Amino acid sequence: MLQSLKKQSVRNALLIGTLCSLSYLGVYFARNILSAVTPQIIATTAYKEDYIGSLSSLYFGFYAVGQLINGIVGDKVRARFMISFGLILAGVSSLIFPFVMEWQLGAQLIYGMTGFFLAMIYAPMTKVVAENTEPIYATRCSLGYTFASFLGSPMAGVAAALMTWQMVFYASSTILIVMGVLCFVAFLILERKGIVAYGRYEPPEGSSQGIKGLLEHRIIKFTFISVITGIVRTSVVFWMPTYFSQYLGYTPATAAGIFTATTFIMSFGTFIAVFLYEKLGRNIDLMLFLVFSASTVFFLLVYFVEQPVINIVLLVLAIMASNCAASMLWSRYCPSLRDTGMVSSATGFLDFMSYMAAAVSSMLFANAVNAIGWKNLILIWLGLVLFGAIICPPKSAKNAPSLD
């Protein structure tokens, strides 16, 4: 009997996790395409880095505000509606964007709304996973769509290498709309079969709820981690193709190809993160300190080593190390908040902080390239991850708080 229930639990978690991962892959393909096609746009149009930077900043700003709003709404509205409508509306916006590109105000508004609609997915998704799967399977599900998020960048790179920038947006639109329809149908089936339900999880007696519970779960510390890793995994990765093109001297087409290869390699960082976490005795504080420290060292080497191939390898390692911290945040920390009754709201807040930081930093990075140059910008990236190591002092496994 127990064995049968366990198999059913694994099967249900696999169904939910697969559906969420595919949805999130579509989200991250869509949100990485502007980055992937930026060298192509700069080379073939009159638009330059400052305008692309303003578009990316507006997108991240809308996405951040959307995470905050939709995170709160996601604690009250079924994931089926939030996820499917978010994907479909983002697909419509992505379809319109190339047609209004020459109208700057219209392009900024449409691209910003794409970010807002895509922000309807993550927080409700985390809530439905946390409340409908066992903690160990919730981690595996979160790991799946975290991996999917990192795969979105190489997918965008492939599309940019094979198609014109306009066609890349059309492809994104098609994928999002199709995924939105499929998600609506799939969630409806899961709900009717009782695999997905809402409001049935009861937190243990004596556990703190609401804001008090979040504070006890160290929400303030993880907010700083969200900001740091958000800047690295979003803004730094966004400017990678341009960095390859301008600082390392590659052509736009070659830069797009390198971006594809490097971001694909970086997508495996989430599995490395979980492997290290288990090897370190599930000590998240020690884990965070080590990966932020490693990222600091690699960014320092990026600053000194200018040989293009080695520079790229070091940059990839620096970002991967920081992404390991991000994986801990989204795959371990957020699902552990289900006892607070605010999984969606808290996840939305953390994502809001992450992308507001990305929005500001993306604009600053665009201006910094012209003001201080790429080499000095690397020092800013180094300073960010160094701060991460400072605020995550390691604790012994005995004293480290459990996330289970």
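What you are looking at is a predicted structure, and each value in this text was computed from that prediction instead of being measured.
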For this session: Evaluate ring pair (Phe, Tyr, Trp, His ring centres under 6.0 Å) for F116 paired with Y63, printing each intermediate quantity in order.
Result: CA-CA 5 Å; F116 183 87; Y63 189 86; 9.6 Å; no
For this session: Search all heavy atoms of A389 against all heavy atoms of F292 and return the closest pair with its distance.
Result: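 A389 and F292 have their closest heavy atoms at N-CB, 3.5 Å.
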Exercise. Can you name the closest pair of heavy atoms from F187 and R80 and give their distance?
Worked result: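 Shortest heavy-atom contact: CB-CB, 3.7 Å.
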Problem set entry | Residues forming a side-chain hydrogen bond (donor to acceptor under 3.5 Å, both in side chains) with N70, sequence neighbours excluded |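 Per chain and number, N70 pairs via side-chain hydrogen bond (donor to acceptor under 3.5 Å, both in side chains) with no residue.
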For this session: Tell me, please, which residues at least two apart from K375 pass salt bridge (Lys or Arg N to Asp or Glu O under 4.0 Å).
Result: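 Here the qualifying residues are E306.
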Nearest-0.5 Å distance that lies between atom [atom1] in [X] and atom [atom2] in [Y]:
| X | Y | atom1 | atom2 | result |
| --- | --- | --- | --- | --- |
| L364 | L377 | CG | CG | 10.0 Å |
| I390 | I228 | CD1 | CD1 | 9.0 Å |
| M82 | M120 | CE | CE | 4.5 Å |
| I96 | M113 | CD1 | CE | 10.5 Å |
| L89 | S93 | CG | OG | 7.0 Å |
| N323 | L329 | CG | CG | 11.5 Å |

For this session: Check whether more than 12 heavy atoms from other residues, nucleotides or ligands sit under 6.0 Å from atom OH of Y247, and answer yes or no.
Result: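 Counting neighbours around OH of Y247, more than 12 heavy atoms of other residues, nucleotides or ligands fall under 6.0 Å, so yes.
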For this session: For atom NZ of K221, decide whether the heavy atoms of other residues, nucleotides or ligands shown that lie under 6.0 angstrom number more than 12.
Result: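 Atom NZ in K221 is packed in, count exceeds 12.
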Exercise. Can you say whether the rings of F169 and Y111 are parallel (under 30°), tilted (30 to 60°) or perpendicular (over 60°)?
Worked result: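 Answer is perpendicular, since the angle exceeds 60°.
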Exercise. Hey, what's the ring geometry for F268 with F264, parallel, tilted or perpendicular (30° and 60° as the breaks)?
Worked result: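 The arrangement is perpendicular - the two ring planes meet at more than 60°.
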Flag the pair [X] / [Y] as yes when their ring centroid distance falls below 6.0 Å, and as no otherwise.
| X | Y | answer |
| --- | --- | --- |
| F275 | F271 | no |
| Y303 | F299 | no |
| F259 | F244 | no |

Problem set entry | Member of L288, L337, L214, V227 meeting the side chain to side chain contact (heavy atoms under 4.5 Å, CB included) criterion with F222 |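 The residue from L288, L337, L214, V227 that satisfies side chain to side chain contact (heavy atoms under 4.5 Å, CB included) with F222 turns out to be L288.
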Problem set entry | Stepwise side chain to side chain donor-acceptor pair (under 3.5 Å) check, S94 with S173 | CA-CA 5 Å; S94 188; S173 173; 5.4 Å; no
Would you call [X] and [Y] a side-chain contact if the rule is heavy atoms closer than 4.5 Å?
| X | Y | answer |
| --- | --- | --- |
| I312 | L248 | yes |
| L315 | W381 | yes |
| V385 | S322 | yes |
| C183 | L87 | yes |

Exercise. Okay, side chain of T229, backbone of A325: is any donor-acceptor separation there less than 3.5 Å?
Worked result: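 Looks like no, no N/O pair under 3.5 Å.
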Problem set entry | Test salt bridge (charged side-chain N to carboxylate O under 4.0 Å, His left out) applied to D285 and R332, step by step | CA-CA 12 Å; D285 293 288; R332 291 297 302 125; over 6 Å; no
Exercise. Can you list the steps and then say if T254 with T251 is a side chain to side chain donor-acceptor pair (under 3.5 Å)?
Worked result: CA-CA 5 Å; T254 303; T251 65; 2.8 Å; yes
